[in-house]
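Data first, discussion second: the structure below is written as structure tokens.
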Number of protein chains: 2
Amino acid sequence: MKRRTTINDIAKELNITAATVSRALSNHPEISAKTKKTVQEAAKRLDYTQNQIASSLRSGKTHVIGVMIPTAEHPFFGSVIHGISNLASKNGYAVLIYQSNESYDYEVQGIKTFIGARVDGIIASLSKETSDYTHFLDAKKRNIPIVFFDRVNDDLGIPCVVIDDYQGAYFATEHLIKQGYRRIGHISGPQYIKAFNERLKGYVSALQANQIPFDPALVYQGNISIEAGKAGTRHLLSLESAPDAIFTVEDFTALGVLKELKEQSITVPGQFGLFGFSNELFSAHTSPALTTIDQQTVPMGEESFTLLHTMMETGRTDTMKIILDPIPIIRESALPKH
Amino acid sequence: MKRRTTINDIAKELNITAATVSRALSNHPEISAKTKKTVQEAAKRLDYTQNQIASSLRSGKTHVIGVMIPTAEHPFFGSVIHGISNLASKNGYAVLIYQSNESYDYEVQGIKTFIGARVDGIIASLSKETSDYTHFLDAKKRNIPIVFFDRVNDDLGIPCVVIDDYQGAYFATEHLIKQGYRRIGHISGPQYIKAFNERLKGYVSALQANQIPFDPALVYQGNISIEAGKAGTRHLLSLESAPDAIFTVEDFTALGVLKELKEQSITVPGQFGLFGFSNELFSAHTSPALTTIDQQTVPMGEESFTLLHTMMETGRTDTMKIILDPIPIIRESALPKH
DNA sequence: CTGAAAGCGCTTACAG
DNA sequence: CTGAAAGCGCTTACAG
């Protein structure tokens with residue numbers, strides 16, 4: 001096991017000091033072009049790579065950011081990471097990943113890991129279990145900039161990036177109305193998750209703005225799953241005045257609706273309209289293809305990094321909130337009623 | 001900006017030396033229980049977290065591994081990362097992520113980043129562009145253990161984890177035969193990718209083992225896309241003696257086949273059989289649902305980490321290869337012919 | 001059981 | 001333009 005070459009090796013080789021080598025390699029303005037050249041050549045010849053660990057210890061900057069996600073198994077988070085990681089690389093930052101697996105304890109553990117690793121900043125999406133935020137406040141107290149995305153908390157003075165769930169739901173509901181559907185049901189998700197609550201609000205507002213009275217009986221409380229979509233559909237169709245369209249809180253639920261309607265031989269679209277939310281990978285490939293709302297996952301990651309980057313470089317700590325537009329993806333399931 | 005507390009602060013507070021604090025915190029056997037207790041209390045009181053950077057510089061171990069993937073946007077890699085990251089956390093390792101974005105240059109850049117960060121080991125899946133491997137050999141020369149997964153190279157003496165593509169394809173083809181299909185076509189992918197070549201071989205072997213002569217005319221060369229599935233289907237159906245079943249190299253291709261057959265009003269299954277490969281997230285939700293081969297993504301990540309872990313802890317360098325079983329997922333698209 | 005001392009590989013304020 | 005020196009926060013061989 002050969003020892004790796006250091007700036008001291010290069011210094012010895014060239015009969016100069018390590019300080020000069022260090023400055024030459026970091027392109028310090030006061031070093032002569034000639035010295036830079038010989039140092040760079042020697043570095044190459046001796047197969048030198050800078051030890052970031054030593055550099056970090058001395059400079060106090062690691063150029064590493066920590067990214068906390070519920071799980072890398074969900075394509076949504078993979079996609080956000082894609083956005084974060086590409087911009088991070090481009091700006092000279094490495095990305096440390098930690099999964100909470102939707103567990104509060106793991107999330108706390110992950111933040112501890114980030115603090116121990118002396119990351120320069122943290123980007124995080126909260127676990128479902130999290131309702132105590134001291135671990136984040138702890139990181140904040142240590143002057144580590146934090147940005148939340150998607151699953152955020154507004155009360156901590158922590159900047160965040162989200163999409164406008166209210167507007168997305170409003171658009172979806174109004175779109176169904178414009179396509180000629182008149183009684184529009186909603187299959188919702190757990191209301192303690194803010195995004196789902198916002199979507200419910202957008203649904204209600206769109207109805208009222210279009211002179212359709214809001215009927216609470218048309219809202220089914222699901223748990224974001226195919227099964228919830230099926231059960232919700234069965235329930236809504238059993239009502240005395242059943243809906244002729246459904247807006248679902250997300251696409252797995254919409255998929256369940258689609259399956260149930262197929263079993264009941266109800267035609268989508270035309271006879272019945274369906275609008276989902278989240279634009280999952282399967283949504284383009286159901287039949288009929290799902291009309292839904294895209295959540296801008298890659299831009300969400302990019303905006304999160306950009307925000308964090310600003311905070312890391314400038315030391316700004318004011319609370320910024322970036323709200324991305326929801327993007328309607330018009331496919332087949334909400335084509336006009338006939 | 002308060003300075004973070006160090007072992008020196010604790011030492012001063014307790015009138016002992018930093019060495020003792022360090023030993024107490026790392027639970028050194030020769031330190032008295034009493035000292036350990038007071039140190040731990042002081043550490044808690046002063047809100048101490050160990051500086052891993054300093055520890056790494058001194059000990060030469062970072063307890064960080066680097067994971068190189070083509071892109072986090074593909075759920076396959078997200079899922080593998082899930083497996084890697086969970087085991088890594090459990091074993092006290094942090095995970096640094098780098099995306100090659102299928103580019104050779106970025107891949108080289110990523111390995112440089114890993115070397116600079118002094119990672120203790122590397123797990124990687126090759127970019128499509130990569131045919132020169134000096135960057136990996138360079139890392140290996142620096143005694144950084146490496147494990148390849150899925151997109152591997154067998155000629156470098158680098159351990160790897162893959163699934164048995166040959167066996168998976170063999171199973172798929174034979175399954176179609178057992179279900180009563182007789183002329184089985186194959187829509188393949190680029191042959192320079194080893195996995196795709198293996199799947200072709202498995203297909204051929206299964207035919208021959210079942211006394212069905214291999215007809216090269218029934219193999220369509222695609223590029224793993226929905227469009228390739230459609231085009232391949234059109235081509236195969238135009239043949240004088242068209243197939244009554246297709247085995248596709250992966251599920252997007254299978255989805256294309258499904259769409260084309262639907263357009264031509266050919267019934268799947270029964271009239272026509274279809275077997276995919278890779279078990280994408282959408283595959284359970286097409287109609288009919290796709291029968292396919294699961295690639296064991298999470299176990300692949302876990303096995304990769306376990307292998308790397310062994311190498312990091314024991315210094316073993318012999319070339320190990322782990323071949324995971326392909327898991328048949330029997331759904332609807334390959335139900336018996338009638 | 002604990003201390004004194006050296007050193008991991010850098011960076012940077014100070015000096016010339 | 002370059003050098004000498006100190007120090008980032010730990011760990012560990014050596015000594016007692």
Side-chain angles (χ1 to χ4, degrees), chain A residues 1-40 42-43 46-64 92 115-120 142-143, chain B residues 1-40 42-43 46-64 92 115-120 142-143:
Chain A
M1 173 115 134
K2 236 177 29 203
R3 209 176 47 75
R4 289 168 181 171
T5 103
T6 70
I7 53 172
N8 294 302
D9 300 326
I10 299 177
K12 213 166 293 170
E13 175 95 358
L14 301 178
N15 265 316
I16 53 178
T17 62
T20 304
V21 174
S22 172
R23 283 188 273 242
L25 289 173
S26 61
N27 206 20
H28 188 100
E30 284 183 3
I31 298 290
S32 73
K34 182 161 160 290
T35 304
K36 281 182 187 167
K37 188 147 170 290
T38 42
V39 168
Q40 272 147 15
L46 299 176
D47 212 10
Y48 172 78
T49 43
Q50 192 197 41
N51 185 330
Q52 295 297 341
I53 300 293
S55 170
S56 297
L57 179 60
R58 178 57 227 249
S59 70
K61 297 253 142 253
T62 54
H63 287 276
V64 172
I115 293 174
R118 297 296 189 264
V119 296
D120 289 346
R142 288 163 201 264
N143 294 302
Chain B
M1 173 113 134
K2 235 176 34 203
R3 210 176 45 77
R4 288 168 181 170
T5 103
T6 71
I7 53 173
N8 293 304
D9 300 326
I10 300 177
K12 215 166 290 169
E13 176 96 358
L14 301 177
N15 264 314
I16 54 179
T17 62
T20 304
V21 174
S22 173
R23 282 189 274 242
L25 289 173
S26 62
N27 207 21
H28 188 100
E30 284 182 2
I31 297 290
S32 73
K34 182 161 159 290
T35 304
K36 280 181 188 168
K37 190 149 169 287
T38 41
V39 168
Q40 271 147 16
L46 299 176
D47 212 11
Y48 172 77
T49 41
Q50 191 198 40
N51 185 329
Q52 295 298 341
I53 299 294
S55 171
S56 297
L57 179 60
R58 177 57 228 247
S59 70
K61 298 253 141 251
T62 54
H63 288 276
V64 172
I115 292 175
R118 296 297 189 261
V119 296
D120 288 346
R142 289 164 200 261
N143 294 300

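To find a chain, count down the sequence lines: A is the first, B the second, and so on, and within it residues start at 1.
- Summarising the geometry of A:Ala43 relative to A:Leu25, their closest heavy-atom pair is CB-CD2, 4.1 Å, with the distance given to 0.1 Å.
- The shortest distance between side-chain heavy atoms of A:Arg118 and B:Thr49 falls below 4.5 Å.
- Between the A:Ser26 side chain and the A:Ser22 main chain, a donor and an acceptor come within less than 3.5 Å of each other.
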Protein-proximity profile, nucleotides 8-16 of chain D, B/S/- by nucleotide at the 4.0 Å heavy-atom cutoff, equals BBBBBB---
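- Test A:Asp9, A:Val39, A:Thr35 against A:Leu14 for side-chain contact (heavy atoms from CB on, under 4.5 Å) and you get one pass: A:Val39.
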Could you walk me through whether B:Lys36 and B:Asn27 satisfy the side chain to side chain contact (heavy atoms under 4.5 Å, CB included) test, starting with their C-alpha distance in whole Å, then the side-chain angles of each, then the deciding distance to 0.1 Å, before giving a yes or no? CA-CA 7 Å; B:Lys36 280 181 188 168; B:Asn27 207 21; 3.0 Å; yes
Watson-Crick and G-U pairing of DNA chain C written in dot-bracket, each distance under 3.5 angstrom, with | for inter-strand partners: |||.||||||||.|||
Side chain to side chain contact (heavy atoms under 4.5 Å, CB included) evaluation trace for B:Arg4 with B:Asn51: CA-CA 9 Å; B:Arg4 288 168 181 170; B:Asn51 185 329; over 6 Å; no
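- The backbone N or O of A:Thr62 sits less than 3.5 Å from a side-chain atom of A:Asp120, completing a donor-acceptor pair.
- Across all strands, A:Thr35 comes closer than 4.0 Å only to sugar-phosphate atoms, never to a base (heavy-atom distances).
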Verdict with supporting geometry, A:Arg142 and B:Asp47, side chain to side chain contact (heavy atoms under 4.5 Å, CB included): CA-CA 10 Å; A:Arg142 288 163 201 264; B:Asp47 212 11; 2.9 Å; yes
